[in-house]
Amino acid sequence: MSFHPSSTSGHQPLEIVVIGAGLAGSEAAWQAAQRGLHVTLYEMRPHRMTSAHSTDRMAELVCSNSLGSNLADRALGLLKNELRRMDSLIIRCADATAVPAGGALAVGREAFSAAVTDAVTGHPNITVRREELTEIPSDVATVVATGPLTSPGLAEAIRRLAGQAYLSFFDAMAPIVTLDSIDFGIAFRQSRYTPIAAASEQETTGDYINCPLTREQYEAFVAAVHAAEKNSLSEAEADETARRYFEACLPIEVLAARDVKALSFGPMTPLGLRDPRTGRRPYAVVQLRQDNVAGTLYNLVGFQTNIKWGDQERVLRMIPGLENAEFVRFGQMHRNTFINSPALLRPTLQWHDRDDLFFAGQITGMEGYVGSTAGGLWAGLNIARVVSGQRPLTLPPVTMLGALLTYITAAEGANFQPMKANFGLLPPIEPLIRDKRQRYAAYAVRALAALEAVLLEEAALQP
Ligand SMILES: Cc1cc2nc3c(=O)[nH]c(=O)nc-3n(C[C@H](O)[C@H](O)[C@H](O)COP(=O)(O)OP(=O)(O)OC[C@H]3O[C@@H](n4cnc5c(N)ncnc54)[C@H](O)[C@@H]3O)c2cc1C
């Protein structure tokens, strides 16, 4: 692979700082360097490691080696195509080190991060400094991309800048699925303790979606939860979990390990529900509650879990009605540092009251490897524009990246949680295309055309 930086036109290059050489930081540094800026990239590893990283490489994948779907009509596939169109370093290295994985883009973990490290360290416009920063520089344009495991010293500096209420340190998140992907041949809408007379009406209007389980299905599910591979918590995280999660909010695997019936007395209780198809109370249920205003996303109520993402998908698909569910977020309980982006960031990824400070990656709530990369790319592009005296760009929400940027900067701030790329974030196409695959394909065509228009504008605005 060869990478060619654009010329700096003989002038002294403009300086910027990027903090964190993960997926977002490596991409941001690369994009800014390609646009002729001189980047000092700070990475604290190997002198100071996180609880999830184990090498000194850039863009180390901390868990799965899959970057998700590579299909053009899937949300993550579309986001990758948008990134390819914008010459993403991370996606280029992923394509170059891909391993067979069906419709997904999985990579040889070490070859991938070695390729990113070589490209970044070999770039003439990037200087890498292996140091932990504990303050955000105030005298130079900066991208903060220190990820979910931002070092405590820097997290404290961010907290001071943002305000106490605007930085979350620890997360218990339940999985989220798209409404479209729930099988309503099995699942039914109903709120608990609905008067029998109104039950038929509730089938279409009840606030909750219920996935009923027979005793056999329930017991098989509990056994699978029990056997699934879990992310291990560090001692500090385990203490934090114990402190923050009282009995009513325990992870499902903790309940499953206690007693085979524990989940059916907890989040999977069928009390007050009646399956309209059998007229009887199911043995157990999984309830889903609306998660976004548009009503396209639903979370699994009480299903916070620390099961590893690969196993989690397999186990959750055992729930009747969710066999083909599209998971836009998995449950997790690890430390996850993220800022309240709706209150603090603009859709350009600029800090609300400082034009030359940008945040990117998981710390902004753009969830997952590819979401984090996408934020890095956009911050790198925009910081280059801002320090060169150009106006920063925004992307229309019909693009997948634009939809994510809109979500993290305009979501309801009080309950803001990270979000993965998913079609539920895109404005619908009118009139509605009923066939899901055709609809998603149309979203992809619309997104790439809209992106093209913005990139043409960027090219036209180049000095
Ligand atoms: C345990 C765990 C498992 C995950 N599993 C998956 C998964 O399977 N699939 C998926 O899509 N997503 C997963 N994620 C979510 C997320 O996509 C990844 O964490 C992703 O790496 C985020 O990219 P990033 O660039 O924002 O942060 P990171 O890739 O973590 O990069 C941040 C970098 O900043 C450095 N840094 C931190 N503080 C400082 C400092 N003060 N000074 C200098 N450098 C600093 C870190 O060492 C790190 O290299 C997981 C997250 C965690 C925590």
Side-chain angles (χ1 to χ4, degrees), residues 17-29 40-69 76 79 90 94 104-107 109 112-113 116-117 120 128-137 142-158 170-171 173 229-234 237 306-313 327-339 359-377 379-380 418-421:
V17 160
V18 175
I19 317 176
L23 291 150
S26 300
E27 184 71 53
T40 304
L41 174 60
Y42 287 89
E43 169 52 57
M44 67 179 184
R45 290 177 289 126
H47 306 300
R48 184 171 185 137
M49 298 298 282
T50 75
S51 57
H53 292 85
S54 57
T55 75
D56 64 356
R57 297 234 170 94
M58 294 170 185
E60 180 183 333
L61 302 177
V62 287
C63 191
S64 162
N65 68 329
S66 172
L67 278 69
S69 179
L76 269 178
L79 186 57
I90 294 292
L105 176 57
V107 298
R109 187 187 296 279
F112 166 72
S113 50
V116 176
T117 307
V120 169
V128 177
R129 297 187 60 170
R130 298 281 182 173
E131 269 175 54
E132 176 193 2
L133 283 199
T134 53
E135 293 294 336
I136 296 172
T142 298
V143 178
V144 179
T146 43
L149 305 169
T150 294
S151 72
L154 188 68
E156 176 54 26
I158 297 169
F170 200 88
D171 228 354
M173 299 194 299
E229 214 182 329
K230 325 286 185 314
N231 286 310
S232 56
L233 293 177
S234 69
E237 285 175 330
N306 217 12
I307 297 175
K308 285 196 171 176
W309 289 9
D311 257 17
Q312 202 178 129
E313 181 164 5
F327 290 93
V328 302
R329 188 179 81 192
F330 287 111
Q332 45 190 297
M333 297 196 72
H334 56 68
R335 185 172 139 228
N336 190 1
T337 308
F338 63 95
I339 57 172
F359 276 68
Q362 179 88 21
I363 196 169
T364 67
M366 280 172 63
E367 172 97 339
Y369 297 151
V370 184
S372 298
T373 299
L377 186 146
M419 183 60 72
K420 240 171 91 177

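Atoms within a ligand are numbered from 1 in the order they appear, just like the ligands themselves. As the structure is a prediction and not an experimental result, all values here were calculated from the model. Along the sequence shown, residues are numbered consecutively beginning with 1.
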(message) Is the contact between S151 and ligand 1 made by the side chain, the backbone, both, or neither, using heavy atoms and a 4.0 Å cut-off?
(response) both

(request) Return the set of residues passing side-chain hydrogen bond (donor to acceptor under 3.5 Å, both in side chains) with T40 (not counting sequence neighbours), or none when no residue passes. (result) none

(message) Nearest 0.5 Å, please: how far is CZ in R329 from CH2 in W309?
(response) 10.0 Å

(message) For E131, is there an ion pair with R48 - N to carboxylate O distance below 4.0 angstrom?
(response) no

(request) Return yes or no for this condition: an N or O of I363 is under 3.5 Å from an N or O of ligand 1. (result) no

(message) What's the separation between atom CD in E313 and atom CD1 in I307, rounded to the nearest 0.5 Å?
(response) 12.5 Å

(request) Compute the shortest N/O to N/O distance between L23 and ligand 1 and return yes if it is under 3.5 Å, no if not. (result) yes

(message) Test your reading of the model: is there a side-chain donor-acceptor pair from N336 to the backbone of P148, 3.5 Å cut-off?
(response) no

(message) Only heavy atoms of Q362, strictly under 4.0 Å: list the atoms of ligand 1 that pass.
(response) 15 (C), 16 (C), 17 (O), 22 (C), 26 (O)

(request) Using distance alone, with no hydrogens and no angle criterion, decide if T373 and E27 have a side-chain donor and acceptor under 3.5 Å apart. (result) no

(request) Determine, using heavy atoms of E131 and all atoms of ligand 1, whether some pair is separated by less than 4.0 Å. (result) yes

(message) Any nitrogen or oxygen of E132 lying under 3.5 Å from a nitrogen or oxygen in ligand 1? Just yes or no.
(response) no

(request) Find the distance between CD (E156) and OG1 (T134) and round it off to the nearest 0.5 Å. (result) 10.5 Å

(request) Give yes if a backbone or side-chain nitrogen or oxygen of E60 is under 3.5 Å from a nitrogen or oxygen of ligand 1, and no if not. (result) no

(request) Mark up the atoms of ligand 1 that fall under 4.0 Å of a heavy atom belonging to A24, in ascending order. (result) 25 (O)

(message) Less than 4.5 Å apart, side chain to side chain, heavy atoms only: is that true for F338 and T364?
(response) no

(message) Heavy-atom pairs closer than 4.0 Å: do any link ligand 1 to the side chain of S66, the backbone, both, or neither?
(response) neither

(request) Please state which part of T146 comes within less than 4.0 Å of ligand 1, counting heavy atoms only: side chain, backbone, both or neither. (result) both

(request) Answer with yes or no whether the side chains of Q332 and E367 bring together a donor and an acceptor at under 3.5 Å. (result) yes

(message) Looking at non-hydrogen atoms alone, which of G147, G20, P148, A21 comes nearest to atom 19 (O) of ligand 1?
(response) P148

(message) I'd like to know if R130 pairs up with E43 as an ion pair, taking the criterion as any Lys NZ or Arg NE/NH1/NH2 lying under 4.0 Å from an Asp or Glu carboxylate oxygen.
(response) no

(message) Below the 3.5 angstrom mark, is there an N/O of I19, backbone or side chain, next to an N/O of ligand 1?
(response) no

(message) Yes or no: does V62 have any heavy atom under 4.0 Å from an atom of ligand 1?
(response) yes

(request) Kindly confirm or rule out an N or O of Y369 lying under 3.5 angstrom from an N or O of ligand 1. (result) yes

(message) Within the structure provided, determine whether M366 and S372 are in side-chain contact (heavy-atom separation under 4.5 Å).
(response) no

(message) Regarding ligand 1, does A360 bring an N or O atom to under 3.5 Å of one of the ligand's N or O atoms?
(response) no

(message) What I want to know is whether T150 and ligand 1 share at least one N or O pair that is separated by under 3.5 angstrom.
(response) no

(message) Are any of the N/O atoms on L154, whether in the backbone or the side chain, positioned under 3.5 angstrom from an N/O atom of ligand 1?
(response) no

(message) Nearest non-hydrogen contact with atom 45 (C) of ligand 1 belongs to which option: K420, R48, M44?
(response) M44

(message) If the cut-off is 4.0 Å to any non-hydrogen atom of G361, which atoms of ligand 1 fall inside it?
(response) 26 (O)

(request) Check whether the side chains of S113 and E60 place a donor and an acceptor atom closer than 3.5 Å, and report yes or no. (result) no

